[in-house]
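Residue numbers start from 1 in every chain, and the chains themselves are labelled A, B, ... in the order their sequence lines are given, proteins ahead of strands.
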Amino acid sequence: MAVQTVSQILTSLVLAAADAAADTAGRAGVLPVVESVASTGNPRFGDYQSNHAFRLGKALRSNPRAVAEQMVARMPAHPAVARIEVAGPGFINFYLDDAWLCRQLVAQHQDRAGGVPQVEPGRTVVIDFSSPNIAKRMHIGHMRSTIIGSALQRLYEACGYTVVADNHIGDWGTQFGMLIVAWRRWLDPQAFERDPVGELERLYVAFRDAAATDPALDDLARQETARLQAGDPENRALWQRFIDISLREFQGVYDRLGVAFHVTLGESFYHSALPGVVEALLAAGLAEKSDGAVVVRFPDDHPVKAVRGRTLVIEKSDGAYLYGTTDLATLEHRLATWSPVEIQYITDGRQQLHFQQVFAVWRSWRTWRKLDPNAVKLVHTWFGTLKLPEGAMSTRKGNVIRLVDLLDEAVRRARAVVDAKSPDLSAQQRAEIAEAVGVGAVCYADLAQNPQSDVVFDWDRMLAMEGNTAPFLMYSYARCRSLQRKGGPKAAAVPLSAAACPHQLERALVRTLVRLPEVVAAALASHRPNLLCDYLFECAQATNRFYFELSVLQADTAEQRQSRLALIELTAGVLERGLAILGVPSLPRM
RNA sequence: GCCCUCGUAGCUCAGGUGGAUAGAGCAACCGCCUCCUAAGCGGUAGGCCACAGGUUCGAAUCCUGUCGAGGGCGCCA
């Protein structure tokens, strides 16, 4: 039996009360949907509040305050509710019963999903994220898609979805012809030995520089690309080698970030399907030839405003295909293979128009085939652009910050702090802690703001270790585990009766901790991991206030000591679960 | 020209599908480590939520307009 969230329980009470109130007014069922009962921002207004009386009052054309009174009078009794009051013009404030609140928190703690409401099993979501290009090192521009995508993946999993994490790598472009030419002319074997991907990157830049003065090189590159795509064994082998090298390098970064993909199906995987896509769209009358290219035109009255009057090229005049063509083939493949209810694309906001076009074409195509265009929910979850203080990054300008360098610097700074604070730990332990704290800080810094905000990269902000940061959350967690270690063998036990919380700081902590499931659900619904970050920060603050003010191990009575230790266990549980969703490790000490 | 974002404390940003007095962090200032990890805790100061209208019992939030910033608009991804 799944645990209901506090919000769900109270919402159903409000629904019953509203029905009863409407019934007495002879208007049963007038407002079937109830706005969910939310936790209050201010304890002065109770623990949770409902604003439903305002809506019902409007529907019944009566005074909201009076409606609220009637609703409260007809509210079914429930052990969760200690007291209900009507405040102001018609707010209904719920005060929760302390003992019940503790039992609810324990139930959530013991639930496998942490009390997070689960969707029915078997619902699959495909998440397309990270998607770096082969033969280039990942730089901080790749960070957002990777970190946000990975957090969304775990958010979906936390809510019971089956997730297919798909790394749609760029492994099939004209850059391979250039690389093959450059490889044969300028490869530095020693440099390649030391840093394979770095050497590939150097070769690419060298080619571009040389081609700027010698246009014949571009023709050569085109020939090599054509030979590769025609299946030339030598080029094919080289191409495969570039991919293997790059994937190995990417994997190193993914391992550090705690990112794992189920499949890595890049552009090359769909190559053979592209002619069929173009033919099908031509046959359907959705695409047309134009100046030697094949394009899809969107009418001026298209239902999607953003694409009105625009054009999507699906085949170039030289016969090559484009990103949009691949996206259509990819969509077909994903639907056929996994039957997802939803596909998430995690990319930069500059691709908004592109995805609106792809989605629109695909839906028209589905309709033409007499298939449901809404069989799968297509969502482009975009994020703001990451820029350097001096402007955009560019591999050719050479002003990129490599992702590994960012991580290494973060770990270096974390190491300095660990060395200063925990000199008693072994060098090995301190190194492990520094790795977790440094990488955690970077991930959290990206996740803690609204994804859609643009970001100007700032070392100090990215690597901060105080305030609303991963290190503070990790520290709070480590403090809990430390107390348990010192509390003896029974410190992690959570007896129901012992979890009473008489002190207001304990009460406040419990009230905060119990919200985890609601926050996870909200973060998923709005695709904003930062909601979870904010919440965990609140938890950490409440935790620190609690154990700063009240002694756990030297409590006045044995019962109180056990009760506080139980609360520590519940706190650690929430922090650990939340951090895990964000991809930030929980360490027993730091 | 059309389309998409954004404008909140000195700085960086939450909050935005309407709710009660707009919140953090950093920076500043004042306190707190003979006591479970000070990556912490308490306190002070700091705001016409760009501007002007509109809708509503109620607007930072929704609508319209103005100003300012960024991005995108058939053969890149």
Side-chain angles (χ1 to χ4, degrees), chain A residues 35 38 40-42 44-45 49 51 54 57-58 63-65 87-91 93 131 133 170 173-174 267 290-297 300 305-318 320-324 326-327 347-354 356-357 382 384-385 387 414 417-418 420-422 424 437 441 448-450 452-456 458 460-461 464-476 478-479 482-487 525-526 528 530-531 533-534 537-538 540-541 543-555 564 568 589-590:
Chain A
E35 184 184 340
T40 57
N42 188 333
R44 249 186 64 201
F45 304 125
Q49 72 171 69
N51 304 321
F54 293 107
K58 179 164 285 184
N63 180 322
R65 170 97 198 184
F91 298 103
N93 297 336
S131 310
N133 286 323
T174 49
E267 292 162 11
S290 172
D291 299 330
V294 180
V295 303
V296 176
R297 292 188 199 283
D300 289 337
K305 202 168 158 190
V307 305
R308 283 176 192 168
R310 312 260 180 223
T311 306
L312 178 70
V313 179
I314 56 174
E315 184 180 323
K316 301 205 289 186
S317 47
D318 68 0
Y321 302 100
L322 289 106
Y323 189 37
T326 309
D327 279 334
T347 84
D348 189 289
R350 286 174 296 192
Q351 294 188 37
Q352 281 175 88
L353 175 58
H354 171 78
Q356 290 312 306
Q357 290 181 319
W382 58 270
T385 314
K387 286 177 291 196
V417 178
V418 180
K421 305 215 177 244
S422 304
D424 51 308
V437 170
Q449 68 189 309
N450 189 320
Q452 297 191 344
S453 304
D454 284 340
V455 182
V456 176
D458 175 346
D460 290 336
R461 186 162 145 269
M465 314 231 173
E466 292 169 12
N468 187 3
T469 64
F472 174 46
L473 303 189
M474 297 169 84
Y475 163 81
S476 307
R479 286 289 305 273
S482 168
L483 283 169
Q484 292 183 319
R485 276 194 301 276
K486 291 175 178 169
S526 59
R528 280 178 303 172
N530 64 305
L531 296 184
C533 294
D534 283 351
F537 180 55
E538 260 185 71
Q541 283 182 311
T543 306
N544 279 275
R545 284 180 198 128
F546 159 62
Y547 61 54
F548 178 83
E549 195 70 36
L550 306 173
S551 183
V552 173
L553 300 179
Q554 272 82 53
R564 288 182 181 166
I568 286 294
R589 64 184 78 217
M590 61 185 274

Conformer about C1'-N of B/rC33 - syn within 90° of 0, anti elsewhere: syn
Under 4.0 Å, counting only non-hydrogen atoms across every strand here, what does [X] touch: a base, just sugar-phosphate, or nothing?
X	result
A/R589	base
A/A320	nothing
A/A87	base
A/Q351	base
A/M590	base
A/N93	base

If a protein heavy atom is under 4.0 Å from the base, mark B; if only from the sugar-phosphate, S; if neither, -; do that for nucleotides 4-16 of chain B going 5' to 3'. SS------SSSSS
If I compare all heavy atoms of A/A540 with all of A/F472, which pair ends up nearest, and what's the gap?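 Where A/A540 meets A/F472 most closely, the heavy atoms are CB-CE2, 3.7 Å.
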What pair of heavy atoms forms the shortest contact from A/G384 to A/D454, and how long is it?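 For A/G384 and A/D454, the tightest heavy-atom pair comes out as CA-OD1, 3.3 Å.
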I'd like a table of atom pairs between the protein and nucleotides 23-31 of chain B - only N or O on both sides, under 3.5 Å - with the distance next to each one.
none

Calculate the interatomic distance between [X] atom [atom1] and [N] atom [atom2]; express it in whole Å.
X	N	atom1	atom2	answer
A/L353	B/rC76	CG	C1'	14 Å
A/Q357	B/rA77	CD	P	14 Å
A/L553	B/rC36	CG	P	10 Å
A/Y547	B/rG42	OH	C1'	15 Å
A/Q484	B/rC36	CD	P	18 Å
A/I568	B/rU37	CD1	P	11 Å
A/E549	B/rC33	CD	P	14 Å
A/D348	B/rC76	CG	P	19 Å

Does B/rA20 have A/F45 stacked on its base, where the ring centres are within less than 5.5 Å and the planes differ by under 30°? yes
Determine, answering yes or no, if A/F91 is stacked on B/rG19 under the 5.5 Å centre rule and the 30° plane rule. no
Return the pairing partner of B/rA59 with a 3.5 Å limit on both distances, Watson-Crick or G-U wobble; otherwise return none. none
Is there a Watson-Crick or G-U wobble partner for B/rG65 with both distances under 3.5 Å, and which nucleotide is it?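 B/rG65 is paired with B/rC51.
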Does B/rU56 have OP1 or OP2 under 4.0 Å away from a side-chain N or O of A/K58?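 Indeed not, no polar side-chain atom of A/K58 lies that close.
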Can you check whether A/R350 has a side-chain N or O nearer than 4.0 Å to OP1 or OP2 of B/rC73?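 Indeed not, no polar side-chain atom of A/R350 lies that close.
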Check the pair A/R479 / A/T543 against side chain to side chain donor-acceptor pair (under 3.5 Å), numbers first and verdict last. CA-CA 10 Å; A/R479 286 289 305 273; A/T543 306; over 6 Å; no
With RNA chain B as reference, determine whether A/L322 or A/K486 sits nearer its 5' end, using the nearest nucleotide of each. A/K486
Residue closer to the 5' end of RNA chain B, A/E267 versus A/P64 (nearest nucleotide):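 Its nucleotide being nearer the 5' end, the pick is A/P64.
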Take the angle between the ring planes of A/F54 and A/F91 and call it parallel below 30°, perpendicular above 60°, tilted in between.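 Correct class here is perpendicular.
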Distance-only donor-acceptor test, A/R545 side-chain atoms vs B/rC41 base atoms, 3.5 Å: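 No.
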Base of B/rC75, side chain of A/S317 - is there a donor-acceptor contact under 3.5 Å? yes
Quick one: side chains of residues 310-317 of chain A, donor-acceptor pairs under 3.5 Å with protein atoms, not counting sequence neighbours, listed by atom name and distance.
{"from": "A/R310", "atom 1": "NE", "to": "A/A306", "atom 2": "O", "distance (Å)": "3.4"}

